[in-house]
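Right, one structure below, let's go through it.
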Amino acid sequence: MEHSTKNIVLFGAPGAGKGTHATLLAEKYDLIHLSTGEKLRDEVARETAIGKRVKELMEHGELVGNDVVTQMVDQSLQSAPAGSSFIFDGFPRTVGQAQVLEFLLSRHNRRLDFVISIDVPREELVRRIHERALISNRSDDNEATIRHRLEEYDSKTQPVLDYYKVSGMLYSVDGSGSINETGNRILQVVGRLI
Ligand code: AMP
């Protein structure tokens, strides 16, 4: 089976800039930007059954159940036009989800091509989330929740990096500088691979 499309995971801790850089890459390379966090916030805002289930978990900075995000990703893959490419932002967040992603992609005749990790030191992550809290209306950008989101990242999401490192798909980028600096570093890597 030919794989002319590219499917990319943009990986990083809360505050690393995944949303910003996934949006920029999606525009530049005509990728479908799939942010599970955005989709979940939309469910909460529309007060759907899923939204009601996940609202409290999100407000506390907990990961939501695998079944919910898995179904979202599956539906997006299902409805994607042939020949389209994806950038995944905020998924996978556990090793289990990384395995599910492989399974779902293969079911839709796709594969994961590479993973870009945006690496940002912890103090800078905390500074950025606090800064964002002043201007965003995200209910999970508050002191207690920020701490818990980072704990969830350390215990459940960080191991995903090793998983992809072993498979040789991982490319790490220094994300400690400005949006422009990080964006250029990401483009250097993606330009070589895409
Ligand atoms: P994000 O916008 O990616 O920072 O996600 C915001 C929140 O949505 C997270 O703190 C989780 O509560 C939830 N969430 C987003 N993506 C996932 C995922 N892949 N697995 C579990 N929970 C998720």
Side-chain angles (χ1 to χ4, degrees), residues 7-26 31-77 86-105 112 115-120 122 124-164 175 179 182 186:
N7 299 291
I8 307 168
V9 165
L10 195 59
F11 188 90
K18 296 187 296 296
T20 302
H21 292 292
T23 304
L24 293 170
L25 284 175
L31 311 168
I32 298 173
H33 178 189
L34 177 50
S35 159
T36 42
E38 280 299 327
K39 278 195 174 289
L40 290 165
R41 278 187 287 283
D42 180 59
E43 298 281 344
V44 172
R46 290 190 291 116
E47 299 183 346
T48 62
I50 288 178
K52 286 178 187 152
R53 250 178 81 191
V54 301
K55 185 172 192 282
E56 212 168 303
L57 289 169
M58 290 178 76
E59 279 171 358
H60 288 97
E62 302 266 338
L63 295 188
V64 312
N66 277 342
D67 52 336
V68 176
V69 281
T70 299
Q71 211 187 342
M72 285 177 160
V73 173
D74 196 22
Q75 273 168 6
S76 298
L77 288 168
F86 273 85
I87 183 153
F88 298 96
D89 154 12
F91 183 89
R93 258 179 159 91
T94 65
V95 171
Q97 287 182 10
Q99 289 162 338
V100 166
L101 178 60
E102 266 159 50
F103 169 76
L104 292 178
L105 285 169
L112 182 60
V115 177
I116 307 237
S117 168
I118 308 176
D119 297 348
V120 179
R122 181 56 50 103
E124 176 62 10
L125 290 174
V126 174
R127 193 195 65 74
R128 286 185 193 174
I129 307 176
H130 280 116
E131 196 177 78
R132 185 171 72 188
L134 298 173
I135 49 167
S136 82
N137 52 7
R138 276 182 60 159
S139 60
D140 59 351
D141 277 345
N142 64 72
E143 191 62 48
T145 306
I146 290 167
R147 203 172 324 116
H148 194 56
R149 280 161 65 203
L150 289 167
E151 283 165 7
E152 287 277 85
Y153 174 81
D154 289 340
S155 60
K156 297 177 185 162
T157 308
Q158 171 87 23
V160 176
L161 273 183
D162 289 328
Y163 178 82
Y164 284 132
I179 292 178
T182 304
I186 293 175

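Just so you know, ligand 1 is whichever comes first in the structure, and atom 1 is the first atom listed for that ligand. Predicted, not measured: the structure shown is a model, and the values here were computed from it.
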Point to revise | Salt bridge Asp141-Arg149, side-chain N to carboxylate O under 4.0 Å | key: yes

Exercise for review: With sequence neighbours excluded, tell me which residues meet ring-ring contact (aromatic ring centres under 6.0 Å, His included) with Phe91.
Suggested key: none

Measure and list all N/O to N/O distances between ligand 1 and the protein that fall under 3.5 angstrom.
residue  : atom   : partner : partner atom : Å
ligand 1 : 2 (O)  : Arg41   : NH1          : 2.9
ligand 1 : 2 (O)  : Arg41   : NH2          : 3.0
ligand 1 : 3 (O)  : Arg93   : NH1          : 3.0
ligand 1 : 3 (O)  : Arg93   : NH2          : 3.1
ligand 1 : 4 (O)  : Arg93   : NH2          : 3.2
ligand 1 : 4 (O)  : Arg138  : NH2          : 3.2
ligand 1 : 5 (O)  : Arg93   : NH2          : 3.4
ligand 1 : 12 (O) : Glu62   : O            : 2.6
ligand 1 : 16 (N) : Thr36   : OG1          : 2.8
ligand 1 : 16 (N) : Gly90   : O            : 3.4
ligand 1 : 16 (N) : Arg93   : NH1          : 3.0
ligand 1 : 19 (N) : Gly90   : O            : 2.9
ligand 1 : 19 (N) : Gln97   : OE1          : 3.0
ligand 1 : 20 (N) : Gln97   : NE2          : 3.0
ligand 1 : 22 (N) : Val64   : N            : 3.0

Practice item. Please say whether more than 12 non-hydrogen atoms of neighbouring residues, nucleotides or ligands are located less than 6.0 Å from CD in Gln158. Key: yes

Review point. Is any NZ, NE, NH1 or NH2 atom of the basic residue among Glu59 and Lys55 found under 4.0 Å from an Asp or Glu carboxylate oxygen of the other?
Key: yes

Check your understanding: Can we say Arg128 and Glu131 salt-bridge, meaning some charged N sits less than 4.0 Å from an Asp/Glu carboxylate O?
Key -> no

Review point. Would you say the side chain of Phe86 lies within less than 4.5 Å of the side chain of Ser76, judging by non-hydrogen atoms?
Key: yes

